[in-house]
Structure formats: structure tokens, C-alpha cells
Number of protein chains: 2
Amino acid sequence: MRPATKSPTARSAAKPRRRAARVAAPKPYHHGDLRRVLIDAALQLVGEGGPDAVSVREAARRAGVSPGAPFRHFPNRDALMQAVAEEAQRRFRQEIEAALAEAPAGDPLARFRSLGLAYLRWAMRNPTHFEIISSRRFFDHDKAAEVSRDNAELIELTERTLADAFAAGQLRSADVKQVQIAGRALVYGFARMNIDGHFPRWGVGAAEAERTAEAILDLFIEGIAGP
Amino acid sequence: MRPATKSPTARSAAKPRRRAARVAAPKPYHHGDLRRVLIDAALQLVGEGGPDAVSVREAARRAGVSPGAPFRHFPNRDALMQAVAEEAQRRFRQEIEAALAEAPAGDPLARFRSLGLAYLRWAMRNPTHFEIISSRRFFDHDKAAEVSRDNAELIELTERTLADAFAAGQLRSADVKQVQIAGRALVYGFARMNIDGHFPRWGVGAAEAERTAEAILDLFIEGIAGP
DNA sequence: TTGTGAATGTAAGCGCCGATTACACGGATT
DNA sequence: AATCCGTGTAATCGGCGCTTACATTCACAA
């Protein structure tokens, strides 16, 4: 949207590689894996300036191809954003599962805490990437099967953990579904407040943010824990 | 391609003209109150398609004015969005205060509940307008003094109410600040989950949404309430 | 009443964007 | 070796935010 930085795009003269075929091929007509490179460029753009900062043209520029080239791989900008979201979601899920693998197996509520903490930590450390997977503004979840499935599984995992906690007598309320929604709202709300600039105080040194995140998560868990 | 002057925009505020005898002045060179009309048009656009759907040109089109005209009143698009956000914030705050005026004066925790409920209800019923005041994406809170002040006052009001609740022995935790942040995260999270499409089931009939909102608010309040 | 400057509109145009179309190249299949 | 088709380029379109030059009208003072 914003006037992007001009880039001279220093394109060396495209030469048919008849000679010097081995050393630094100047510019092959066919890009190696343009799709992958475009996603990476877009991911980088998201990281730099948020989802709005992604433009197909800029991604193409960074990939060193013409502005029309990306449309061979993505029918439109939204499709590119979707692919970016899928990549981000994959990383997010990986982090969550890694944290859960280290959590104590016998204590469901502690597992729930680990889950929430991993969620919050990733969201604090990757705010722009979290943003892109969190909202339907930037892509259609219905059409992004992978993101949708990942998300649904994560939600189900949360609910199962809470159900286990209730079965173990660790929850006060029997309405696991509502506890789950409240928990999601809490962590999602905190993550988005961070993204949306509701915590102006902690700028870059996100240590305090993570500490506060942990504190409110514990507050919530104390609130739902049985007597 | 200018569409041959739209309808004369039926100006409500009658302005004394030299020759009143002339009926239906075709198109006055000076618009009555273009600034106001642009804000209304933008508000309508926000309501129709969210903040991204607002374009200065479209607002100008709806106001029946040339594409450059708005820039006499707003230096750029963000400034228009800022004015829109201020209007939305004004309405939001009005709703909150009206609800609080009806809440029982002697029961701080009940007042906190009323506050949260009014917040959630307005957010459910005006999702796009809530969206625009909630995120810094669409305008800079630092430069929107009114929104910022309103918001700060609302936060302070929340914290005061919780402090009263603690003083009355209604809270379990002494850390009012953290309870306040957690509460904000909860309602904000729920509101944004609604906006961001995390509740696909309730589409338009928002009755269930409001019921769920109330339920999780009560769950939270039970959690923070003293024994 | 009339002259004049400020306020506020129009017209035209810049560069960037997403997207489409016609065409060029070259790797893979035969 | 001929050919097909996946994948790139080039050119172009309309929409956008925004700026500049110019036109019109209002408000106020002489």
C-alpha cells in the first residue's frame, strides 16, 4: 500500500548460458522454485511490516522476477497470503507441540498451562506471523484447508486437555466447553492486544510482556481450578 | 470517468442563499459540511466491509465530490480513519457509560460485570466499528488524542471499579492490575475472535454470541471473586 | 456596495498496486 | 530432432493515495 522502496533490481544482462555454464549462471529464464521463494519473500515482508506490507510486486522484485510472474503460481494476492499463513501456522503448531511434549503427562492442568504458555510466547515473539494466522482479514480460512485443520486440531487438543483436567478433579466448572472458549479468548486477547498496540510500554524488550502473559495465564488457571 | 454529477445530496442544513426562489440548486460549488459527510460515508464503508473497504475516493464519490476534495479536510487517508475512529469511540463510550449508570452503585463487582457486558454487547453488535477503534493498524492512537483519552479513561474506570471490589472484599487476588489486564484480555479476545471469524457457527443471529459472551464473563468473574 | 484574500472545490497527473493478456523461452517427452 | 507446455517477460488496464495548478465562492473590511 505504501510507496515501497525503489529497487534498481540490478539485473545483469540476461545472457544465454552458452559459455561459462558452470559458474554463476547469470539469470536462468526459469527460476528454480519461484513459488517457494515468493512465500519466503512474503513471509519476510510480513515480518517487516505486517500483512499489509505484503505486495505481490515487491515479492516478485525480491525474487528477481517480473511483476506478472507470481501469478503463474498464485491466482491472486490472497492465494499468496494463504500460502504464507499456512507456513506460519505450521511453525506455530510445531512450537506448541514441542512444548507439550515436554509437559508432564500426568497433570492435565499443568499441560494446559504449558499449552497456553507456548501459545503466548510464540505470539509475543512472532507478532506479525501470529497476526496473519489469526484473522480472516488476510485470507479465507475456509479455503486454507491446512490452516483450518491445524487450528481445529489445536482447539480440540485444548478441549481434550481440559476435559482430562476435569476428570482428574482439577476443574471447578463442569462446562469444559465454556472454560475452553474463555481460555482461548484470554490468550488470544492478550496476544492481539500486544499486536494491536495496547501495551505501549514494552516495546522491543519483550521480557516483561512474557512475564505478564504468564501471570495472567496463572490467574486464569487459579480461577478455573477446583477447590 | 466522472459519472455526471450525482444527485444533489439533499442537504439537510439549509443555508441562506441569495436567491431562494430558485428551486433545487443543482450543485453548489461548496459542499455544506464535507468533512462531516466524508466521515459518515467512511463510517458507512467501515460498516459495510470493514476498515480495509474505506477508500478516500469512494468516500468522495458518495459525497458527490471530486477525488481530490477530501484532502482539503484530511491530509491523508489515515487522518480520515482517525476521525472515523473518534466517532466510533464516542459511540462506544456512550454505550458503556449508559450501562454503568444503570448498574447498582453499591456492588463494585456487579458494576464490573455491567461494564464488561456492555463492552461485549457493543462489540458484538458493531463488530466493524469495534475493529477500527481496537487496532493501531488503522490509525495511530498517539495522534488520535480523543480516542486515546477516552480509552485511557475507560481503562482507569475499570481499574477503579476492580479496586473498589477488592476493598469490599469481593476479590480473591490483591493484584488488581493483573486482574484488570486479564479481564481486558478476555473481553477483547472474545470480541476480536468474533470479528476475526473464530466463531463460524453464529453468523448473523448474534443472540448466541451474546449469551456465550455473558457466560464466559461470568466464568471469569467467578474465578476472580473472593471465597 | 464592492474589492479582496482565504477557504474549498475541480482537473490533471504521478507512481504504485493487483490483475490480465499476448508472447518468448526452454526443459521434458516423444 | 520436433514438439508441447510449464513458466517466465512485456505491455497494459483501471483503481488507489496523493500532489499541484487552477477555479469558484464565502466572509469580511473599506
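Chain A is the first sequence line, chain B the second, and so forth, proteins listed ahead of strands; every chain is numbered from 1.
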Using only side-chain N and O atoms of B/Arg35, determine if any of them is under 4.0 Å from OP1 or OP2 of C/dA7.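 Looking at the OP1 and OP2 atoms of C/dA7, neither is under 4.0 Å from any side-chain N or O of B/Arg35.
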Taking only the side-chain nitrogens and oxygens of B/His73, find out if one of them lies under 4.0 Å from OP1 or OP2 of C/dA7.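 For C/dA7, OP1/OP2 do not have a side-chain N/O of B/His73 under 4.0 Å.
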If an axis is fit to five pairs at each end of the helix from C/dT1-D/dA30 to C/dT30-D/dA1, what is the angle between the two, to the nearest 10°?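 For the helix from C/dT1-D/dA30 to C/dT30-D/dA1, the axes at opposite ends meet at about 0°.
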Among all residues two or more places apart in sequence or in another chain, which pass the side-chain contact (heavy atoms from CB on, under 4.5 Å) test with [X]?
X: A/Phe71; result: A/Val56
X: B/Ile221; result: B/Leu109, B/Phe112, B/Arg113, B/Leu217
X: B/Val46; result: B/Val54, B/Val84, B/Thr128, B/His129, B/Ile132

How many Å lie between [atom1] on [X] and [atom2] on [N], as a whole number?
X: B/Arg72; N: D/dT25; atom1: CZ; atom2: P; result: 15 Å
X: A/Leu80; N: C/dC17; atom1: CG; atom2: P; result: 14 Å
X: A/Leu45; N: C/dC17; atom1: CG; atom2: P; result: 10 Å
X: B/Arg36; N: C/dT8; atom1: CZ; atom2: P; result: 16 Å
X: A/Phe74; N: D/dG6; atom1: CZ; atom2: P; result: 17 Å

Go through the structure and list residues passing side-chain hydrogen bond (donor to acceptor under 3.5 Å, both in side chains) with B/Arg72, not counting sequence neighbours.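 In terms of side-chain hydrogen bond (donor to acceptor under 3.5 Å, both in side chains), with neighbours along the sequence ignored, B/Arg72 is linked to no residue.
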Checking A/Asp40 now: which residues fulfil side-chain hydrogen bond (donor to acceptor under 3.5 Å, both in side chains) with it, not counting sequence neighbours?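 side-chain hydrogen bond (donor to acceptor under 3.5 Å, both in side chains) check on A/Asp40 returns A/Arg36.
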Quiz: residues 93-101 of chain B side-chain donor-acceptor pairs under 3.5 angstrom, not counting sequence neighbours:
{"residue": "B/Arg93", "atom": "NE", "partner": "B/Glu97", "partner atom": "OE2", "Å": "2.8"}
{"residue": "B/Arg93", "atom": "NH1", "partner": "B/Asp150", "partner atom": "OD1", "Å": "2.8"}
{"residue": "B/Arg93", "atom": "NH1", "partner": "B/Glu153", "partner atom": "OE1", "Å": "2.7"}
{"residue": "B/Arg93", "atom": "NH2", "partner": "B/Glu97", "partner atom": "OE2", "Å": "3.1"}
{"residue": "B/Arg93", "atom": "NH2", "partner": "B/Glu153", "partner atom": "OE1", "Å": "2.7"}

Donor-acceptor pairs are to be reported for all side-chain atoms of residues 156-163 of chain B against protein atoms at under 3.5 Å, with residues two or more places apart or in another chain.
{"residue": "B/Thr158", "atom": "OG1", "partner": "B/Leu154", "partner atom": "O", "Å": "2.8"}
{"residue": "B/Thr161", "atom": "OG1", "partner": "B/Leu157", "partner atom": "O", "Å": "2.7"}

Can you pull every protein N or O that's under 3.5 Å from an N or O on nucleotides 18-20 of chain C?
{"residue": "C/dG18", "atom": "OP1", "partner": "A/Val56", "partner atom": "N", "Å": "2.9"}
{"residue": "C/dG18", "atom": "OP2", "partner": "A/Val56", "partner atom": "N", "Å": "3.2"}
{"residue": "C/dG18", "atom": "OP2", "partner": "A/Arg57", "partner atom": "N", "Å": "3.1"}
{"residue": "C/dG18", "atom": "N7", "partner": "A/Arg57", "partner atom": "NH1", "Å": "2.4"}
{"residue": "C/dG18", "atom": "O6", "partner": "A/Arg57", "partner atom": "NH1", "Å": "3.1"}
{"residue": "C/dA19", "atom": "OP2", "partner": "A/Arg77", "partner atom": "N", "Å": "2.6"}

Check the pair A/Phe190 / A/Phe220 against ring-ring contact (aromatic ring centres under 6.0 Å, His included), numbers first and verdict last. CA-CA 12 Å; A/Phe190 192 83; A/Phe220 178 77; over 10 Å; no
Any idea how A/Phe130 and A/Phe92 line up, ring-wise: parallel (<30°), tilted (30 to 60°), or perpendicular (>60°)?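 Plane angle over 60°, so perpendicular.
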Name the closest nucleotide to the A/Arg61 side chain, picking from D/dC16, C/dT10, C/dC17.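 Of all the options, the side chain of A/Arg61 is nearest to C/dC17.
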